[in-house]
> 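The following block contains the structure, expressed as structure tokens.
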Amino acid sequence: MRQFALLSFLFFLPIMGTTSLGCGGGGGGTTSSIVSITLSPTAVSLNRGATAQVTAQALDSNNNVVAAPALAFQAATQCIPAMPCDTPPITVSNTGLICAGQWDASVPPIKCQATDNVGTATITATASVNGKIITSSAVVVTDHERIDSVRVASSGGTPDCPAPPANACVSQSDKAPFQLQAFSNDPAACQRINGSASTPCQLPADTVGSVNWSVSPAQVATADAAIHAMTDPVCVTAAAPGEGVVVGSVGPSGSAITGSAAFTTCPVASIHVHQKNTPTPPDTDTFFTAPVGSTVPLVADVVDSNGTSLSSTTALTWFTSQPALASVSLGTVGTIAPGFAEITAACLPPSCNVNFTPPK
């Protein structure tokens with residue numbers, strides 16, 4: 001597989017004159033200046049009886065972080081399925097600690113106890129600043145049956161994010177959808193879900209809430225959003241050629257249940273280098289001359305293993321065989337002294353053809 005290209009040229013001192021080939025954080029605000037309060041995380045999914053901490057950040061009118069005032073937390077809850085709840089499925093303490101259930105103070109220390117209900121809650125906080133009530137951003141919380149494992153896999157796709165052929169790589173800038181499935185090994189949970197205690201059982205997507213998504217390494221592909229409802233697939237866009245993983249997780253930071261699936265941005269198959277605006281047939285040697293002291297812009301035509309032409313932003317590495325005679329930077333050659341040099345463009349890790357085994 002051809003993954004680099006050579007370009008040879010001769011450069012010389014002009015007889016007369018010189019010809020130039022052109023180419024081209026926190027501030028010191030006070031409580032009285034607070035204008036907004038942001039709670040994080042913005043969304044979290046919790047097993048029955050689990051907890052998660054809400055943190056608050058206050059900003060002044062200049063967007064400087066200032067000391068947060070005393071907050072009063074509220075939780076507006078709804079059971080799943082939507083029906084009256086004898087006991088709210090989610091509560092929040094006066095310190096912003098969320099309980100996927102009810103706080104039980106009957107036996108110290110106070111503990112979060114699961115209830116018979118699962119549902120959602122919108123957590124907000126208010127503060128009184130100079131007689132004015134400021135309401136925070138919201139945190140959307142979902143409590144659900146216990147999740148013991150998750151599985152990430154390519155999903156059916158949408159018109160805007162079609163599924164690629166099975167086991168195929170994805171060309172740069174093309175997209176692929178992924179979705180997460182959650183499973184429980186709790187017989188009681190499976191009994192409630194399926195009417196059978198047989199394990200494992202899959203949790204309905206509309207009962208779980210939010211999924212956190214990422215791609216590693218980030219240069220191989222990007223997810224369209226960091227947080228998605230579990231009912232919605234995440235759309236992953238291919239970037240630099242290489243192998244990576246799409247990672248989905250459910251639960252609060254530090255105790256999330258995580259799964260992953262392989263993602264491949266198609267490797268570079270060929271590179272053809274030529275002078276800018278002077279294309280030549282592929283797989284032919286290119287030779288040119290240039291005066292000493294001039295610059296010559298080069299272009300690399302890159303094609304991946306699907307036969308797709310890659311964008312000019314593909315991160316190639318450029319070399320010169322004679323650095324004392326000619327330099328090269330981002331495809332622009334600078335002639336230094338008379339002589340002959342070869343210019344090479346290559347697709348090399350860690351910026352291109354990333355993580356392929358064996359290396360490409």
Side-chain angles (χ1 to χ4, degrees), residues 39-56 71-106 110-126 135-150 179-197 199-213 225-233 248-257:
L39 301 184
S40 61
T42 58
V44 63
S45 295
L46 295 173
N47 288 339
R48 289 174 179 263
T51 61
Q53 181 65 52
V54 172
T55 59
L71 299 174
F73 287 88
Q74 304 87 30
T77 62
Q78 179 178 331
C79 283
I80 298 176
M83 59 190 306
C85 297
D86 295 332
T87 304
I90 299 166
T91 52
V92 59
S93 74
N94 57 11
T95 62
L97 186 64
I98 301 169
C99 167
Q102 292 283 311
W103 294 106
D104 183 359
S106 60
I110 298 175
K111 293 182 179 181
C112 177
Q113 299 290 345
T115 69
D116 291 335
N117 302 312
V118 291
T120 62
T122 301
I123 307 293
T124 55
T126 56
T135 301
S136 72
S137 63
V139 178
V140 178
V141 183
T142 304
D143 81 328
H144 46 71
E145 302 291 358
R146 191 183 84 198
I147 295 175
D148 292 292
S149 62
V150 298
Q179 204 147 16
L180 181 141
Q181 297 172 324
F183 300 86
S184 179
N185 293 331
D186 179 5
C190 293
Q191 182 70 43
R192 287 188 288 266
I193 293 170
N194 293 331
S196 167
T199 61
C201 59
Q202 183 177 344
L203 275 65
D206 60 358
T207 67
V208 174
S210 61
V211 178
N212 296 299
W213 292 100
I227 299 175
H228 271 271
M230 188 172 167
T231 53
D232 301 328
S249 64
V250 177
S253 176
S255 59
I257 306 296

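For clarity, every value in this text was computed on a predicted model and none was experimentally measured.
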> If we ignore hydrogens and angles and just use 3.5 Å, is the side chain of N117 paired with the main-chain N or O of C79 as donor and acceptor?
no

> Going from CG on L180 to CG on D232, what distance comes out if it is rounded to the nearest 0.5 angstrom?
12.5 Å

> Could you grab the distance from atom CG of N194 to atom SG of C201, nearest 0.5 Å is fine?
5.5 Å

> Taking the side chain as every heavy atom from C-beta outward, state whether R48 and E145 have any pair of such atoms under 4.5 Å apart.
yes

> Going by heavy atoms in the side chains, are W103 and C112 under 4.5 Å from each other?
yes

> Which heavy atom in Q102 sits nearest to a heavy atom in P88, and how many Å separate them?
NE2-O, 3.0 Å

> Please name the pair of heavy atoms, one in V92 and one in A75, separated by the smallest distance, quoted to 0.1 Å.
CG1-CB, 4.0 Å

> For atom CG of D104, is the number of surrounding heavy atoms from other residues, nucleotides or ligands below 6.0 Å larger than 12?
yes

> For the atom pair OG (S249) and CD1 (I147), what is the distance rounded to the nearest 0.5 Å?
10.5 Å

> For the pair D186 and S184, evaluate side chain to side chain donor-acceptor pair (under 3.5 Å) and give the outcome as yes or no after the intermediate values.
CA-CA 5 Å; D186 179 5; S184 179; 5.1 Å; no

> So, taking the atom named OG1 in T77 and the one named CD1 in I123, what distance separates them when rounded to the nearest 0.5 Å?
8.5 Å

> Taking all heavy atoms of Q202 and all of I193, pick out the closest pair and write down the distance.
O-CG2, 3.8 Å

> Side chains of V118 and T207: closer than 4.5 Å at any heavy-atom pair?
no

> Give, for atom CD1 of I90 and atom OG1 of T142, the distance between the pair rounded to the nearest 0.5 Å.
6.5 Å

> Give me the atom names and distance for the closest heavy-atom approach of S45 to V250.
CB-CG1, 3.8 Å

> So, Q78 side chain and A76 main chain: donor-acceptor pair closer than 3.5 Å or not?
no

> Determine the minimum heavy-atom distance between A43 and V139, stating which atoms define it.
N-CG1, 4.5 Å

> With distance as the sole test, does D143 use its side chain to make a donor-acceptor pair with the main-chain N or O of N47 at under 3.5 Å?
no

> Hey, could you give me the OG1/CG distance between T91 and L97, rounded to the nearest 0.5 Å?
9.0 Å

> Compare all side-chain heavy atoms of N185 with those of R146 and state whether any distance is below 4.5 angstrom.
yes

> If you look at every heavy atom in I98 and V141, which pair is closest and at what distance?
CD1-CG2, 3.6 Å

> Just by distance, do the side chain of S137 and the backbone of L39 share a donor-acceptor pair under 3.5 Å?
yes

